[in-house]
2 protein chains.
Amino acid sequence: MSRNALSRDQVLEAAAGLVKQHGPDALTMRKLAAGLGTAVTSIYWHVGNRESLLDALVERTVQEMGAIRPTGRTPAERIVSVARRLRRELRARPHLIAMVHERGLTERMFLPAQRALVHEVHAAGLRGARAAEAVRAVQVQIVGFVLVERNRERAPVQSPGEEELWGSASAEDDPAEQDPALARALARPADPERLFAVSVRALVESLLSQGNRQAGQAN
Amino acid sequence: MSRNALSRDQVLEAAAGLVKQHGPDALTMRKLAAGLGTAVTSIYWHVGNRESLLDALVERTVQEMGAIRPTGRTPAERIVSVARRLRRELRARPHLIAMVHERGLTERMFLPAQRALVHEVHAAGLRGARAAEAVRAVQVQIVGFVLVERNRERAPVQSPGEEELWGSASAEDDPAEQDPALARALARPADPERLFAVSVRALVESLLSQGNRQAGQAN
DNA sequence: ACCTGAACACCGTTCAAGT
DNA sequence: ACCTGAACACCGTTCAAGT
């Protein structure tokens, strides 16, 4: 009797819209059905249940995460450019990325990026197991940073906050006493852009310098 | 009429038990009431509502995260020891830590650890804003690593997994072609213990080496 | 001050029945 | 093959009423 047959894709599209705007909690089967003008049970026919609907959305997001083109001249620069790009992509889809993370698929989502990192690390002279380790270290650092960063952004007022702890005088042997500039710097909110660049660069330089020292043998 | 008056602490204790064992989703007001042998509404009188109950549990967890005692001789060693300790603490309370994270309180939970890191970075000769940056970089790396690590553990089979991608032959310019040891290493599951140590050490060495080069001026 | 049951407005999911 | 309403078993929360 349905003149406008409901398709699985329509359901996914509408569901993605709800999640993008108001987060996964806003996606209820009943609201979704109401928005599509069908009975709740029709949705079940198309996508199984709520859990597999979310799974499908996550799968979509993983696919959307396209290839990465590094820019820059040195391998270190190019790795940093990949890192920047990844950070941007992640921050553009907060809700969906959180869902990918919750389902433990972050790793898989980053396989394309991993290939790019492998290329650069290899170009820098790292080989074998050591190269693999460097790639993974950088990868974990990037993803970890974004996770922590998002956490910090969602954070409320940070009740006893860093200012209170570092602003007031403390124990005698506390370095903050002797180094007011350090204390002040920690009392200020961190600049994530700069912290990200500094962290990645520091890690990459350290990892790649091993490549210059070693001849090229594995493990 | 209550001979055994229900206390707020009893409610928190029972709630913490439910969360620790089966995660936050298992904590429903009705189950909690049933376990305590009271009406659901009594719980509301003591803790407000479910949200503020969870808030209270999170607050508890933050408090439990005690002081950190670094071990080792060099500042680098001592920082690594702090990192190890933090990682262990985090992994011991997965559900509660996830809740702390969701509420954006990870930062605050780590203020004690931050103090320890400040001390060591200062001992290594870093000063002012640069010292603060080093502390934050290490801190973010540790927390980020654990978040990614937990994600990886929860992950299912990783359908197209790393093996498939790196195991088979690929594009010509792919370094994996020329470096089978690298390809094999990436096909194997990562050893998180080792990766953590390598990452932290690499970052710390790189950051602390700046301390040896600079005189000690701020920013 | 503390506890209670009843009621409200939501959920996800199943099932038997329609076309 | 696709859609439907009714029903079930859950939720969190409020409220008026008890002691």
Side-chain angles (χ1 to χ4, degrees), chain A residues 1-60 95-96 98-100 102-104 154 156, chain B residues 1-60 95-96 98-100 102-104 154 156:
Chain A
M1 180 55 53
S2 52
R3 53 190 72 256
N4 272 349
L6 183 64
S7 73
R8 184 186 150 89
D9 254 29
Q10 280 174 53
V11 175
L12 290 183
E13 199 56 38
L18 282 177
V19 170
K20 273 183 194 163
Q21 287 185 34
H22 308 104
D25 284 352
L27 172 60
T28 77
M29 304 302 264
R30 288 174 142 94
K31 268 191 223 160
L32 185 55
L36 289 165
T38 40
V40 204
T41 41
S42 301
I43 297 195
Y44 279 84
W45 195 90
H46 283 289
V47 299
N49 57 14
R50 185 173 186 273
E51 201 55 25
S52 53
L53 171 55
L54 291 179
D55 284 347
L57 290 184
V58 162
E59 192 55 36
R60 269 197 170 190
H95 289 310
L96 285 168
M99 284 170 55
V100 172
E102 277 160 21
R103 270 140 227 273
R154 258 179 315 175
Chain B
M1 180 51 57
S2 52
R3 51 191 73 258
N4 273 350
L6 183 62
S7 73
R8 184 185 149 89
D9 254 30
Q10 280 175 53
V11 174
L12 290 183
E13 199 57 39
L18 281 177
V19 170
K20 274 184 192 161
Q21 287 186 32
H22 307 105
D25 284 353
L27 173 60
T28 78
M29 304 302 264
R30 288 174 144 94
K31 266 191 224 160
L32 186 55
L36 288 165
T38 39
V40 203
T41 40
S42 301
I43 297 194
Y44 279 84
W45 195 92
H46 282 289
V47 299
N49 56 16
R50 185 173 185 273
E51 200 55 24
S52 54
L53 170 55
L54 291 178
D55 284 346
L57 290 184
V58 162
E59 192 55 35
R60 267 198 171 187
H95 289 311
L96 285 169
M99 284 171 55
V100 172
E102 277 160 20
R103 270 139 226 273
R154 258 179 315 174

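The sequence lines fix the lettering, A, B, ..., with proteins before strands; numbering per chain opens at 1. As the structure is a computational prediction, the values presented were derived from the model and not from experiment.
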At what distance, to the nearest 0.5 angstrom, does CD of Glu13(B) lie from CG of Leu18(B)?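 So the CD of Glu13(B) and the CG of Leu18(B) are separated by 11.0 Å.
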Exercise: identify the closest heavy-atom pair between [X] and [Y]:
{"X": "His95(A)", "Y": "Val19(A)", "value": "CD2-O, 3.4 Å"}
{"X": "Gln10(A)", "Y": "Ala5(A)", "value": "NE2-O, 3.6 Å"}
{"X": "Val58(B)", "Y": "Arg103(B)", "value": "CG2-CD, 3.4 Å"}

Sequence neighbours excluded and cut-off under 3.5 Å, please list the side-chain donor-acceptor pairs for residues 21-47 of chain B, or say none.
from: Thr28(B); atom 1: OG1; to: Lys31(B); atom 2: N; distance (Å): 3.0
from: His46(B); atom 1: NE2; to: Leu6(B); atom 2: O; distance (Å): 2.9

Calculate the interatomic distance between [X] atom [atom1] and [N] atom [atom2]; express it in whole Å.
{"X": "Met29(A)", "N": "dC11(C)", "atom1": "CE", "atom2": "P", "answer": "12 Å"}
{"X": "Leu54(A)", "N": "dT13(C)", "atom1": "CG", "atom2": "C1'", "answer": "15 Å"}
{"X": "Glu51(A)", "N": "dT14(C)", "atom1": "CD", "atom2": "P", "answer": "13 Å"}
{"X": "Tyr44(B)", "N": "dC15(D)", "atom1": "OH", "atom2": "C1'", "answer": "13 Å"}
{"X": "Leu53(B)", "N": "dG12(D)", "atom1": "CG", "atom2": "C1'", "answer": "12 Å"}
{"X": "Ile43(B)", "N": "dC3(C)", "atom1": "CD1", "atom2": "P", "answer": "10 Å"}
{"X": "Asp25(A)", "N": "dC11(D)", "atom1": "CG", "atom2": "P", "answer": "17 Å"}
{"X": "His46(B)", "N": "dA1(C)", "atom1": "NE2", "atom2": "P", "answer": "13 Å"}

Phosphate oxygens OP1/OP2 of dG12(C): is one of them under 4.0 Å from a side-chain N or O of Asn49(A)?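 It does not, given that no N or O in the side chain of Asn49(A) lies less than 4.0 Å from OP1 or OP2 of dG12(C).
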Provide a list of protein-nucleic acid N or O atom pairs under 3.5 angstrom, restricted to nucleotides 4-8 of chain D.
from: dT4(D); atom 1: OP2; to: Ala39(A); atom 2: N; distance (Å): 2.8
from: dT4(D); atom 1: OP2; to: Ser42(A); atom 2: OG; distance (Å): 2.7
from: dG5(D); atom 1: O6; to: Thr41(A); atom 2: OG1; distance (Å): 3.2

Assess the side chains of Asn49(B) and Ser52(B): does a donor N or O sit below 3.5 Å from an acceptor N or O? yes
In dot-bracket notation, what is the pairing pattern of DNA chain D, taking Watson-Crick (N1-N3 plus N6-O4 or O6-N4) and G-U wobble (N1-O2 and O6-N3) contacts under 3.5 Å, with [ ] crossing and | for other strands? ||.|||||...|||||.||
Report the nucleotide, chosen from dC3(C), dG12(D), dG12(C), that has the shortest atom-to-atom distance to any side-chain atom of Arg50(B).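 Taking heavy atoms from C-beta onward, the closest nucleotide is dG12(D).
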